[in-house]
S.K.: 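I have a structure here, written as structure tokens, and I will follow up with some questions on it.
It should be emphasised that the depicted structure is a prediction, and the values quoted were computed from it without experimental measurement. One-based numbering along the sequence shown. These values consider heavy atoms only, across backbone and side chains, with no hydrogens, waters or symmetry-generated copies.
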Amino acid sequence: MAETIPSPAFSNPRHNGHEEDEDGGGNKEWAVAPAAKRARGSVVEDPAVSLAIARHEFGEHGGVNMSIEASATFTVMEADTMRRMFSGELGPDRDFYIYSRHFNPTVLNLGRQMAALEGTEAAYCTASGMSAISSVLIQLCGAGGHVVASGCLYGGTHALLSQFLPRSCGIRATFVDIDDLDAVRAAVKEGETKVLYVETVANPTLAVADVPRLSAIAREKGTMLVVDNTFAPMVVSPARLGADVVVHSVSKFISGGADIIAGAICGPAKLVNSMMDLHEGALMLLGPTMNPKVAFEISERLPHLSLRMKEHCRRAMEYATRMRKVGLKVIYPGLDDHPHHDLLASIANPGYGFGGMLCLDMGTEERANKLMHHLQNTTQFGLMAVSLGYYETLMSCSGSSTSSEMSPEEKTRAGISPGLVRFSVGYSGTLEQRWSQFERALSLLHPPPSSNKQQPPLLL
């Protein structure tokens, strides 16, 4: 339920022994971030500004950091209060809580921050990114619904749409090349398609979704555009470009420490409220509840997300430029030869660059693995690991790891070659130190790449 009563940006609500305000009633909407609404109304372009003006929650005893509410259940002072809470008459907007699977004060505050970050009316934080994605799709589609999805998605999401949801819920998916807007339109089934699903920057190919045009198609066809923004927090704000719902694996760039599993759903208050309905809400009944201790950790990292993203992006751009110069086949939206360079430049928030992910196409899995071996074990440039957004550089061969759920034919259609190495560019050490480590590893490959700028890029 979503909070619509205006509240100051800095507040620490507390209810007293009389569990009723002067108006005698309670507002039934509990999840809205008022500061986010103000930011949207004033067309704030930088998400860091929205975060800075979002409501600040102080600790129970006046601490500058909010308290962690670790309770699973909450007591009341009067017997009739519980009935009023279950009926929706009293709720978190007035500091009344039932059970932490429903709403928890610490997790709810993180939801306000996430709504401010993405410029949406409301947000709810979950136990993982996949739980956020699956809950949204189940809620929006229902049994027998249809999804039009990008043909290039994170392998887990692809498996969810192609295997699990058809078997468990009868939800069907049609995968399309989202660059082909006519194909997207043609794939929508009138009266059946409920969701158009894309990633802002595709995992792992780094193709960029034209969110404004896709949102126009969604409105034209009466569907909801759901965008996974895991690869581009701060860099792109899909909701400000017309997306209806934005989902995140908070475990990645937002967390930044490779130590937390979490997700988030950012969108209209009506949707978030429906997902928390006691009788029909996917979040309420499936229960992908975020631990309040995790919520506290993430809330402490959000204020410096903009600084971290700028450095991820700065280094990725520098590495991509240098890698191309030594003859490597580089895939990075910041390079002018990337097919979506101009698109991302047109939709990105000013000052954040082109993302912290880049790819090298080494041609074969064998050569990709050899490069990664030297980068980790010989020169310590980075770590062979899945996930992304860590302060150390992480690298993996996508076709045999995070996209392994896809068939060879599906990977070919998505543009995932056997030798595609995905890098999540970190920011530890100095840039020159890390580049020297990269060059040393590269020199151990046979044959070495050409540094002749006049020659075409080589597949090593």
Side-chain angles (χ1 to χ4, degrees), residues 155 201 203-206 231 252-253 258 311-338 353-404 408 411-412 414-460:
V201 178
N203 185 356
T205 65
L206 308 187
F231 270 31
K252 310 302 193 296
F253 283 113
E311 187 61 11
H312 283 299
C313 297
R314 184 183 76 87
R315 293 202 182 195
M317 184 70 202
E318 186 64 28
Y319 290 155
T321 301
R322 296 185 186 191
M323 288 173 180
R324 183 171 65 173
K325 285 181 179 178
V326 300
L328 290 168
K329 185 176 180 180
V330 189
I331 302 165
Y332 182 65
L335 298 178
D336 56 12
D337 61 357
H338 190 283
F354 293 85
M357 307 293 296
L358 68 82
C359 293
L360 292 180
D361 192 339
M362 301 303 295
T364 68
E365 184 178 347
E366 179 183 2
R367 292 182 179 184
N369 289 342
K370 187 175 182 180
L371 175 64
M372 291 191 296
H373 169 82
H374 287 306
L375 288 172
Q376 174 179 281
N377 301 320
T378 307
T379 70
Q380 291 77 54
F381 171 79
L383 305 172
M384 286 186 280
V386 298
S387 197
L388 51 122
Y390 192 39
Y391 54 82
E392 299 283 359
T393 292
L394 304 179
M395 52 196 171
S396 60
C397 187
S398 297
S400 57
S401 59
T402 54
S403 296
S404 61
K411 281 185 270 193
T412 298
I416 304 171
S417 73
L420 189 72
V421 181
R422 188 191 76 180
F423 290 85
S424 168
V425 177
Y427 51 77
S428 69
T430 68
L431 189 150
E432 295 303 331
Q433 170 196 13
R434 296 305 188 194
W435 178 248
S436 175
Q437 292 169 330
F438 183 87
E439 286 185 309
R440 284 170 49 212
L442 201 59
S443 70
L444 297 173
L445 292 178
H446 301 285
S450 170
S451 60
N452 187 340
K453 300 177 188 177
Q454 302 304 315
Q455 295 183 358
L458 300 176
L459 293 179
L460 301 183

S.K.: Kindly compute the distance separating CG (Leu375) from OG1 (Thr393), expressed to the nearest 0.5 Å.
M.R.: 9.5 Å
S.K.: Go through the structure and list residues passing side-chain contact (heavy atoms from CB on, under 4.5 Å) with Arg314, not counting sequence neighbours.
M.R.: Glu311, Leu431
S.K.: Can you give me the closest heavy-atom contact between Cys397 and Asn369, atom names plus distance?
M.R.: CB-OD1, 4.1 Å
S.K.: Can you tell me how far apart CE (Met357) and NE2 (His312) are? Round to the nearest 0.5 Å.
M.R.: 10.0 Å
S.K.: Minimum heavy-atom separation for Leu358 to Ala320, with atom names?
M.R.: CD2-N, 4.0 Å
S.K.: In sequence, state the C-alpha distance, the side-chain angles, and the governing distance for Leu394 and Val386, and then conclude on side-chain contact (heavy atoms from CB on, under 4.5 Å).
M.R.: CA-CA 7 Å; Leu394 304 179; Val386 298; over 6 Å; no
S.K.: When rounded to the nearest 0.5 angstrom, what distance separates CG in Leu383 from OG in Ser396?
M.R.: 11.5 Å
S.K.: Does a side-chain N-to-carboxylate-O contact under 4.0 Å join Arg322 and Glu432?
M.R.: yes
S.K.: If the condition is ring-ring contact (aromatic ring centres under 6.0 Å, His included), which residues does Phe438 pass it with, not counting sequence neighbours?
M.R.: Phe381, Trp435
S.K.: What heavy-atom pair brings Pro204 and Arg422 nearest, and what distance separates the two atoms?
M.R.: CB-CD, 4.0 Å
S.K.: Taking the side chain as every heavy atom from C-beta outward, state whether Leu371 and Leu442 have any atom pair closer than 4.5 Å.
M.R.: yes
S.K.: Taking the side chain from Arg434 and the backbone from Ser428, do they hold a donor-acceptor pair closer than 3.5 Å?
M.R.: yes
S.K.: Measure across Gly389 and Ser424 and return the closest heavy-atom pair with its distance rounded to 0.1 Å.
M.R.: N-OG, 2.8 Å
S.K.: Determine whether Met384 and Asn377 satisfy the following criterion, side-chain contact (heavy atoms from CB on, under 4.5 Å), listing intermediate values before the conclusion.
M.R.: CA-CA 9 Å; Met384 286 186 280; Asn377 301 320; 4.0 Å; yes
S.K.: Atom CE in Met323, atom CD in Glu318: separation rounded to 0.5 Å?
M.R.: 10.5 Å
S.K.: What pair of heavy atoms forms the shortest contact from Gly334 to Phe354, and how long is it?
M.R.: CA-CG, 3.3 Å
S.K.: Is the number of heavy atoms from other residues, nucleotides or ligands within 6.0 Å of CD (Glu366) greater than 12?
M.R.: no
S.K.: Would a distance-only check, ignoring hydrogens and angles, find a side-chain to backbone donor-acceptor pair under 3.5 Å from Tyr332 to Gly355?
M.R.: yes
S.K.: For a side chain to side chain donor-acceptor pair (under 3.5 Å) check, start with the C-alpha distance between Arg440 and Gln437, then their side-chain angles and the critical distance, and finish with the verdict.
M.R.: CA-CA 5 Å; Arg440 284 170 49 212; Gln437 292 169 330; over 6 Å; no
S.K.: Can you check whether Leu360 reaches Met395 side chain to side chain, under 4.5 Å on heavy atoms?
M.R.: no
S.K.: Rounded to the nearest 0.5 Å, what separates atom SG in Cys359 from atom CG in Leu328?
M.R.: 13.0 Å
S.K.: What's the spacing between Ser443 OG and His374 NE2 if we round to 0.5 Å?
M.R.: 8.5 Å
S.K.: Without swapping roles, check the side chain of Arg367 against the backbone of Met362 for a donor-acceptor pair under 3.5 Å.
M.R.: no
S.K.: Is the backbone of Leu206 close enough, under 3.5 Å, to the side chain of His338 for a donor and an acceptor to pair up by distance?
M.R.: yes
